[in-house]
Amino acid sequence: MPNAKDNPNIGYERIILAGNTGTGKTTQILTLPGKKFVYIFDPNCLRSIRGHDVDYEEFLPESTELDSTLKGFNKGARDDKPASEREPTLYLRWVEDLNKREQDGKFKEYDWIIFDSLTFLAQSLMDRQLYINNRYGKVEDLGDYRVVGSKLSDVFRTITSLPVNIYATGHLTSYQDEKTKKTEVQLQLPGKARVMLPLVCTNIWLAMAPLGEEGKFKVQTRPDQRGLQTIRSTISGLKFQEDVTIADFTSPEDYGIGALLARDIKEI
């Protein structure tokens with residue numbers, strides 16, 4: 001019978017680094033130890049990882065997916081008529097690629113599978129949901145968020161079952177409960193995904209670029225009273241805020257999140 005004491009390094013990391021734009025989430029990819037593969041959904045990702053040994057596949061909307069029509073809200077208002085039918089296929093293209101790589105055993109070549117970012121991935125799924133309901137380009141409703149959140153949760157439960165480390169970036173949003181009027185900071189994910197994705201992760205940290213500390217980046221490893229409450233950490237002994245600034249980009253794995261992970265292994 002297996003015993004966890006016999007293998008202190010058992011298990012894989014599943015990390016979500018959430019934060020506002022410009023807090024260094026994507027750059028932390030460079031600090032992760034080993035061979036990395038990135039699914040890029042954020043058009044700014046390549047600017048952060050260029051020049052480094054990182055394999056990637058980019059999934060961005062094609063020109064035929066763009067819907068620039070305006071939508072009326074008032075009773076009797078007219079909607080602009082698109083010049084041609086726009087079909088968003090980004091999500092379908094990504095799922096096809098994901099399944100093929102898994103079936104071909106391609107992920108076994110890597111130590112880390114990375115998703116930058118969950119925000120843009122969720123948007124591609126939402127676009128597809130609206131399209132199949134003949135509402136592409138219109139405002140999302142509660143039912144859309146429920147369906148998309150449930151599907152994204154199902155997909156990531158499968159992804160986190162793969163024998164490889166997972167790293168994903170995400171953004172934050174403020175949500176006000178209609179009954180209690182209480183405002184909470186949450187992951188910018190639809191419906192059920194806000195709850196389920198943190199449940200399948202080992203570490204959810206908040207990325208920060210403190211004011212007055214130019215060039216410095218930190219991660220928050222425990223929740224505070226008013227901020228993101230889904231922050232968690234499985235690495236013992238971490239400070240409330242850890243410095244993850246990359247001091248030397250010729251050896252980024254010696255810094256940042258990579259250094260925090262290495263510290264955890266040494267302590268074991």
Side-chain angles (χ1 to χ4, degrees), residues 13-33 36 38 40-52 54 112 114-123 165-176 182-189 193-195 197-198 201-267:
E13 293 290 352
R14 281 83 173 86
I15 300 173
I16 292 179
L17 185 60
N20 296 322
T21 301
T23 51
K25 301 182 297 297
T26 301
T27 308
Q28 287 300 314
I29 292 172
L30 304 178
T31 74
L32 301 175
K36 298 172 275 287
V38 187
I40 295 177
F41 306 97
D42 187 329
N44 297 307
C45 176
L46 281 179
R47 295 282 296 180
S48 297
I49 66 172
R50 63 181 179 177
H52 293 272
V54 180
W112 292 88
I114 300 160
F115 301 85
D116 189 62
S117 69
L118 294 176
T119 310
F120 283 91
L121 173 58
Q123 185 59 53
N165 298 299
I166 303 294
Y167 177 87
T169 64
H171 296 83
L172 304 175
T173 187
S174 296
Y175 169 80
Q176 185 178 54
K182 181 180 178 181
T183 301
E184 296 181 1
V185 177
Q186 300 180 339
L187 291 172
Q188 191 171 326
L189 293 171
R194 283 198 303 268
V195 176
L197 264 65
C201 289
T202 56
N203 297 286
I204 301 100
W205 293 327
L206 177 64
M208 309 170 67
L211 294 175
E213 299 182 40
E214 187 175 353
K216 291 288 185 179
F217 297 91
K218 296 182 179 180
V219 294
Q220 183 176 319
T221 64
R222 295 190 295 277
D224 54 28
Q225 291 184 342
R226 293 185 294 179
L228 181 65
Q229 296 301 299
T230 52
I231 296 175
R232 62 178 296 194
S233 181
T234 58
I235 301 177
S236 61
L238 292 183
K239 301 175 185 177
F240 179 67
Q241 292 182 1
E242 288 280 354
D243 191 331
V244 292
T245 307
I246 302 174
D248 183 358
F249 278 89
T250 63
S251 56
E253 293 181 7
D254 294 336
Y255 303 93
I257 288 178
L260 298 183
L261 297 175
R263 184 196 309 177
D264 184 47
I265 292 173
K266 289 178 182 178
E267 290 179 356

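Atom set for the values below is all heavy atoms of this structure, side chains included, hydrogens, waters and symmetry mates excluded.
- When side chains are defined from C-beta on, Val244 does not count as touching Thr31, because their heavy atoms never get closer than 4.5 Å.
- Distance check: Ile246 CD1 to Leu30 CG gives 5.5 Å after rounding to the nearest 0.5 Å.
- Taking all atoms of both residues into account, the shortest heavy-atom contact from Thr234 to Glu13 is OG1-OE1, 4.4 Å.
- Looking only at distances, a side-chain donor or acceptor of Thr221 sits under 3.5 Å from a matching main-chain atom of Lys239.
- Of all the heavy atoms in Gly22 and Ala209, the pair that sits closest is O-CB, 3.9 Å.
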TODO: Evaluate the criterion side chain to side chain contact (heavy atoms under 4.5 Å, CB included) for residue pair Asn165 and Leu261; output intermediate values, then yes/no.
DONE: CA-CA 12 Å; Asn165 298 299; Leu261 297 175; over 6 Å; no

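- The pair Glu184-Arg194 does not count as a salt bridge, with every side-chain nitrogen at least 4.0 angstrom from each carboxylate oxygen.
- Using a 4.5 Å heavy-atom cutoff, the side chains of Val219 and Leu260 are in contact.
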Open item on the list: Between Tyr167 and Ile257, does the side chain to side chain contact (heavy atoms under 4.5 Å, CB included) criterion hold? Intermediate values first, please.
Closed with: CA-CA 11 Å; Tyr167 177 87; Ile257 288 178; 3.8 Å; yes

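- At least one side-chain heavy atom of Phe240 sits less than 4.5 Å from a side-chain heavy atom of Gln220.
- For the atom pair Leu206 CG and Leu172 CG, the distance stands at 6.0 Å (nearest 0.5 Å).
- Within the 4.5 Å cutoff, no side-chain heavy atoms of Val185 are placed close to those of Arg226.
- Gln188 CD to Phe120 CZ: the interatomic distance, rounded to the nearest 0.5 Å, is 9.0 Å.
- Taking CD of Gln123 as the reference point, atom OG of Ser117 lies at 10.5 Å (rounded to 0.5 Å).
- Considering Asp116, Thr26, Asp42 in turn, Asp116 is the only one that fulfils the side-chain hydrogen bond (donor to acceptor under 3.5 Å, both in side chains) rule with Thr169.
- With contacts defined as side-chain heavy-atom distances shorter than 4.5 Å, the pair Val54/Trp112 does not qualify.
- Looking only at side-chain heavy atoms (C-beta outward), Ile16 and Leu197 come within less than 4.5 Å of each other.
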Task: Intermediate values then yes/no, side chain to side chain contact (heavy atoms under 4.5 Å, CB included), Ile40 and Leu46 - done: CA-CA 8 Å; Ile40 295 177; Leu46 281 179; 3.6 Å; yes

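- Counting all heavy atoms, side chain and backbone alike, Pro252 lies closest to Thr250 at CD-C, 3.5 Å.
- In this structure, Ala193 and Pro198 approach most closely via the heavy-atom pair O-CD, 3.8 Å.
- Residue Phe217 comes nearest to Asp243 through the heavy atom pair O-OD1, 3.2 Å, listed as atom of the first residue, atom of the second, then distance.
- For the atom pair Asn44 CG and Ile49 CD1, the distance stands at 12.0 Å (nearest 0.5 Å).
- Atom CD1 of Ile235 is separated from atom CZ of Arg263 by 8.0 Å, given to the nearest 0.5 angstrom.
- Contact annotation: the side chain of Tyr255 never approaches that of Thr245 to less than 4.5 Å [non-hydrogen atoms, C-beta and beyond].
- Of the listed residues (Leu189, Thr119, Asn20, Leu118), just one forms a side chain to side chain contact (heavy atoms under 4.5 Å, CB included) with His171, and that residue is Thr119.
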- [ ] In sequence, state the C-alpha distance, the side-chain angles, and the governing distance for Glu213 and Lys218, and then conclude on side chain to side chain contact (heavy atoms under 4.5 Å, CB included).
- [x] CA-CA 10 Å; Glu213 299 182 40; Lys218 296 182 179 180; 3.6 Å; yes

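- Of all heavy-atom pairs between Gln229 and Asp224, the closest is NE2-O, 2.6 Å.
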